[in-house]
Amino acid sequence: MNQNQNQTMDEMCKEVQEEVEKLVKCLPKVTQRGSSFEMIKYQDSWYFITGNLFRNVVTFQKHFVAKHTDIIITSLPKTGSTWLKSLLFAVVNRANHPINQSPLLTCHPQELVYSLETDVYSEAFPYPRPHHLNEVKPPRLLSTHVPYTSLPESIKTSECRLLYICRNPLDTLVSSYYFFQEYMKKFQEKKQDFATKRSLGDTFEDFCNGKSLFGPFFEHVLGYWNMSLERPDKVLFLKYEDLKNDPELHLKRLAEFIGMSFSPKEENEGVIKQIVELCCIKTMKEVNKSGVINKFFEKKSYFRKGEVGDWTNHLTPSMVERMNKLMEAKLEGSGLSFKLLS
Ligand SMILES: Nc1ncnc2c1ncn2[C@@H]1O[C@H](COP(=O)(O)OS(=O)(=O)O)[C@@H](OP(=O)(O)O)[C@H]1O
């Protein structure tokens with residue numbers, strides 16, 4: 001945390017709060033279709049103002065200081081970041097304990113890789129708060145959904161490395177829709193008055209209009225894609241679909257990228273395979289079948305189906321056609337594409 005030496009945590013929070021209040025007064029806002037969640041457009045991306053997300057993002061942006069040794073997972077929500085967290089943790093810590101005693105067999109990946117947007121003010125904050133991150137042994141394993149352009153300067157200028165994971169837009173939006181439904185059920189149980197009629201059609205419409213959380217989707221993906229081309233030593237660009245197709249190959253790429261390649265001995269002993277199995281959705285579901293994160297989110301809600309192409313079960317042909325057109329227009333000339341099965 002870039003906390004002025006004389007500034008207490010309370011003073012820093014007050015300063016951020018004042019700034020957030022100013023921004024909320026002057027920046028564009030919309031209400032999500034079919035819900036009463038308000039979003040704010042900040043530096044061309046959308047954040048919830050309902051809840052603490054926006055305040056947490058501003059805190060992260062203003063006060064987080066990267067170290068050269070940091071490894072940061074970056075992604076849009078619901079693109080496979082929890083899976084990547086488990087893989088990264090397992091690769092980095094493989095010498096510290098045998099695979100069958102991995103903390104991943106008792107902890108949720110979100111408890112092992114620190115989200116930089118988690119509510120630093122909340123009593124529920126389950127792991128070192130960002131101002132305690134200085135005490136975490138290197139390499140610090142961190143994550144954020146913030147677009148490249150809005151990352152704190154120190155992340156861009158330090159030698160820290162970014163692992164970006166993306167996923168085809170249709171599976172991403174179906175996954176977001178189901179996660180939001182879970183959220184809504186929880187609010188209903190707590191008798192909090194949020195409208196809960198947000199349909200898959202509403203989610204689709206907001207998504208296509210660029211009004212998705214941390215979105216617009218294509219701008220987010222392209223921001224990291226272009227950086228991965230410009231600075232391949234800084235940003236490793238991964239696709240969920242490629243990981244599903246050949247997890248061992250991409251795990252090796254990941255290990256090489258962070259400077260922790262698998263040795264021939266490890267390869268012969270099947271370490272890569274063991275890590276893939278440790279982190280597979282079946283194991284993760286079993287380990288995380290009960291319990292909550294941040295006193296609110298069911299651990300199991302981060303592991304739904306984990307498939308490529310689940311959108312075929314949910315979206316209409318006209319939705320798919322519209323998304324295909326949008327995708328072609330947005331990605332034209334970028335060298336990036338997503339295969340949408342039909
Ligand atoms: N181990 C593993 N293997 C394969 N797939 C996995 C794994 N863990 C999570 N998932 C699937 O990833 C989707 C959730 O994405 P995120 O983890 O990025 O969500 S979040 O933003 O952190 O809330 C969500 O996708 P859907 O199943 O399509 O909803 C999860 O099921």
Side-chain angles (χ1 to χ4, degrees), residues 47-48 51 53 56-57 72-91 102 104-105 107-119 126 141-147 163-183 186 200 203 207 212-215 217 220-221 224 238-248 250-251 254 273-289 292-294 296-315 338 340-341:
Y47 302 94
F48 284 139
L53 176 67
N56 298 346
V57 166
I72 309 179
I73 290 180
T74 53
S75 65
L76 277 161
K78 314 321 289 180
T79 56
S81 44
T82 309
W83 186 16
L84 188 56
K85 284 177 187 182
S86 62
L87 292 168
L88 175 65
F89 182 87
V91 170
S102 169
L104 284 158
L105 293 168
C107 299
H108 192 284
Q110 310 264 4
E111 293 170 312
L112 301 170
V113 175
Y114 310 135
S115 162
L116 293 165
E117 284 107 46
T118 301
D119 194 344
L141 308 184
L142 308 165
S143 74
T144 177
H145 291 312
V146 165
L163 307 176
Y164 185 72
I165 184 158
C166 69
R167 188 180 192 186
N168 78 72
L170 295 180
D171 279 333
T172 304
L173 97 83
V174 168
S175 183
S176 310
Y177 168 71
Y178 281 104
F179 193 72
F180 194 76
Q181 294 294 306
E182 286 281 320
Y183 228 131
K186 286 278 215 174
L200 185 55
T203 312
F207 191 98
S212 52
L213 195 54
F214 296 95
F217 178 92
H220 196 288
V221 176
Y224 283 99
L238 297 161
K239 283 185 183 166
Y240 182 91
E241 294 76 15
D242 293 342
L243 261 180
K244 284 291 286 190
N245 187 40
D246 193 343
E248 292 183 31
H250 295 286
L251 198 56
L254 184 160
K273 211 184 201 77
Q274 286 166 26
I275 292 180
V276 167
E277 273 166 28
L278 169 70
C279 300
C280 76
I281 192 152
K282 191 163 166 267
T283 310
M284 288 295 120
K285 275 187 173 174
E286 185 55 33
V287 172
N288 295 287
K289 62 186 171 207
V292 288
I293 301 176
N294 279 349
F296 186 71
F297 294 104
E298 300 274 348
K299 288 186 174 182
K300 63 180 178 213
S301 68
Y302 290 83
F303 311 98
R304 195 181 60 97
K305 286 192 170 177
E307 289 169 2
V308 176
D310 182 41
W311 60 265
T312 52
N313 300 316
H314 302 281
L315 303 177
F338 292 100
L340 296 184
L341 317 160

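Order of listing sets the numbers, starting from 1, for every ligand and every atom in it.
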Numbering the atoms of ligand 1 from 1, which are under 4.0 Å from a heavy atom of [X]?
X: His145; value: 21 (O)
X: Gly306; value: 5 (N), 26 (P), 27 (O), 31 (O)
X: Cys280; value: 1 (N)

[X] to ligand 1: N or O pair under 3.5 Å?
X: Met284; value: no
X: Phe179; value: no
X: Lys244; value: no
X: Phe303; value: no
X: Thr82; value: yes

Under 4.5 Å between any side-chain heavy atoms of [X] and [Y], yes or no?
X: Thr283; Y: Leu105; value: yes
X: Thr203; Y: Phe207; value: no
X: Leu88; Y: Leu254; value: yes
X: Arg304; Y: Val174; value: yes
X: Phe214; Y: Leu76; value: yes

Check step by step if side-chain hydrogen bond (donor to acceptor under 3.5 Å, both in side chains) holds for Gln110 and Thr82.
-> CA-CA 7 Å; Gln110 310 264 4; Thr82 309; 3.1 Å; yes
Please confirm whether [X] approaches ligand 1 to less than 4.0 Å, judged on its heavy atoms.
X: Gly80; result: yes
X: Tyr178; result: no
X: Asp310; result: no

Using a cut-off of 6.0 Å, state whether more than 12 heavy atoms not belonging to Lys289 lie near its atom NZ.
-> no
Identify the protein heavy atom lying closest to [atom], giving its residue, its atom name and the separation to 0.1 Å.
atom: atom 18 (O) of ligand 1; result: Ser81 OG, 2.6 Å
atom: atom 31 (O) of ligand 1; result: Arg304 N, 2.9 Å
atom: atom 2 (C) of ligand 1; result: Trp83 CG, 3.3 Å
atom: atom 5 (N) of ligand 1; result: Tyr240 OH, 2.8 Å
atom: atom 9 (C) of ligand 1; result: Tyr302 O, 3.3 Å

Answer yes or no: is there a donor N or O on one side and an acceptor on the other, between the side chain of Glu241 and the main chain of Asn168, under 3.5 Å?
->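 Confirmed, Glu241 side chain pairs with Asn168 backbone.
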Got a salt bridge between Glu182 and Lys300, using NZ or NE/NH1/NH2 to carboxylate O under 4.0 Å?
->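 Lys300 and Glu182: not salt-bridged.
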If you compare Arg167, Gln110, Glu307, Lys78 by their heavy atoms, the one closest to atom 21 (O) of ligand 1 turns out to be Lys78
Between the candidates Pro77, Ser175, Ser86, Cys279, which shows the shortest non-hydrogen contact distance to atom 1 (N) of ligand 1?
->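 When every heavy atom of Pro77, Ser175, Ser86, Cys279 is considered, Cys279 comes closest to atom 1 (N) of ligand 1.
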Taking atom SG of Cys279 and atom CG of Leu87, what is their separation to the nearest 0.5 Å?
->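 Nearest 0.5 Å value for the SG-CG distance: 4.5 Å.
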Of all heavy-atom pairs between Ser81 and His145, which one has the smallest distance, and what is that distance?
->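 So the two residues come closest at OG-CE1, 4.0 Å.
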